[in-house]
Amino acid sequence: MTMRRFAPLLAAGLLLAVAGCTNPFSTTQTSSTAAPEEAPEVKAAIDQFVAKYNAHDADGVSEFYADDTNFRWIEDGRVVYEGRTAAVTGLTNFFAGFGDSRLEAYDVKVSMLTDESAVASFKFSQVVAANGQASLKFEGTMSLALSDRDGGWKIVVGHKSSNGAPR
């Protein structure tokens, strides 16, 4: 093989070797696209939201609902409340009829989208009960789209899905 024919093969081989040493799918991100750090305030807001719910404090829970025209609360794939006012009214009525109800949130995961927005998801267990009578227990997953505004983390869209029939 002559040197003129060998040189292009050698150059191509070296380029492949160098390219093979770099990872085109590297997980390192540049500072302009790096995900924001997780804010512990988001997890704390979820904990406070659940505590107000378990205290049957509809006004307290409503402090976590964004006063936004895009606010929606969805359950099992169905929009049940369009707007913050409708959600607060519905929650007030629920607490009046089912005063012994409780909500437990666990396995909370928060994904920061920006410094001012996050998505949280968690598993839940909910007991719906009225005045010591028979109760129903639901389990499922809840997802919340949150925004940091008006002095705290607010729910813009909530989605609650149960895992089938209550027990």
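Values in this document were obtained by computation on a predicted structure and should not be read as measured data.
- The hydrophobic cluster containing Val128 also contains Val50, counting ILVMFWY residues as joined when their side-chain heavy atoms lie under 4.5 angstrom apart, directly or transitively.
- Rounding to the nearest 0.5 Å gives a distance of 13.0 Å between NZ of Lys52 and CG of Asp47.
- Under the 3.5 Å distance criterion, the side-chain polar atoms of Asp67 are left unmatched by any main-chain donor or acceptor of Arg84.
- The shortest distance between side-chain heavy atoms of Ile74 and Val157 falls below 4.5 Å.
- Under the side-chain contact (heavy atoms from CB on, under 4.5 Å) rule, Leu144 has a single partner from Ile155, Val156, Val108, Val119, which is Ile155.
- Legend: residues meeting side-chain hydrogen bond (donor to acceptor under 3.5 Å, both in side chains) with Tyr65, ordered by chain and number and at least two apart, are absent.
- Around CZ of Phe94, the count of heavy atoms belonging to other residues, nucleotides or ligands within 6.0 Å exceeds 12.
- Looking at every heavy atom in both residues, Ser101 comes nearest to Ala129 through OG-N, 3.1 Å.
- Shown here for Ala87 and Phe71, the closest heavy-atom pair between the two residues is CB-CE2, 3.6 Å.
- The shortest heavy-atom contact between Ala118 and Met112 is CB-SD, 3.7 Å.
- Rounding to the nearest 0.5 Å places CD of Glu139 at 14.0 Å from OG of Ser161.
- The minimum heavy-atom distance linking Gly99 with His56 is given by the pair O-CE1, 2.6 Å.
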Original post:
Should Phe49 and Val61 be marked as a side-chain contact (heavy atoms from CB on, under 4.5 Å) after you check the CA-CA gap, both sets of side-chain angles, and the distance that decides it?
Top reply: CA-CA 6 Å; Phe49 168 79; Val61 171; 3.4 Å; yes

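- Atom OH of Tyr106 and atom NZ of Lys123 lie 6.0 Å apart (nearest 0.5 Å).
- Nearest heavy atoms, Ser62 versus Asp59: OG-O, 2.6 Å.
- With rounding to the nearest 0.5 Å, the separation of NZ in Lys137 from CZ in Arg102 is 12.5 Å.
- Here side-chain hydrogen bond (donor to acceptor under 3.5 Å, both in side chains) pairs that include residues 145-158, with residues two or more places apart or in two chains, are Asp68-Arg149, Ser147-Arg149.
- Summarising the geometry of Leu146 relative to Ala120, their closest heavy-atom pair is CD1-CB, 3.9 Å, with the distance given to 0.1 Å.
- Checked against Tyr53 for a ring-ring contact (aromatic ring centres under 6.0 Å, His included), the options Phe98, Phe124, Phe95 give a single hit: Phe95.
- Taking the side chain as every heavy atom from C-beta outward, Gln126 and Lys160 approach each other to under 4.5 Å.
- Criterion: ILVMFWY side-chain heavy atoms under 4.5 Å apart, direct or through other members. Under it, Val79 and Met142 are not part of a common hydrophobic cluster.
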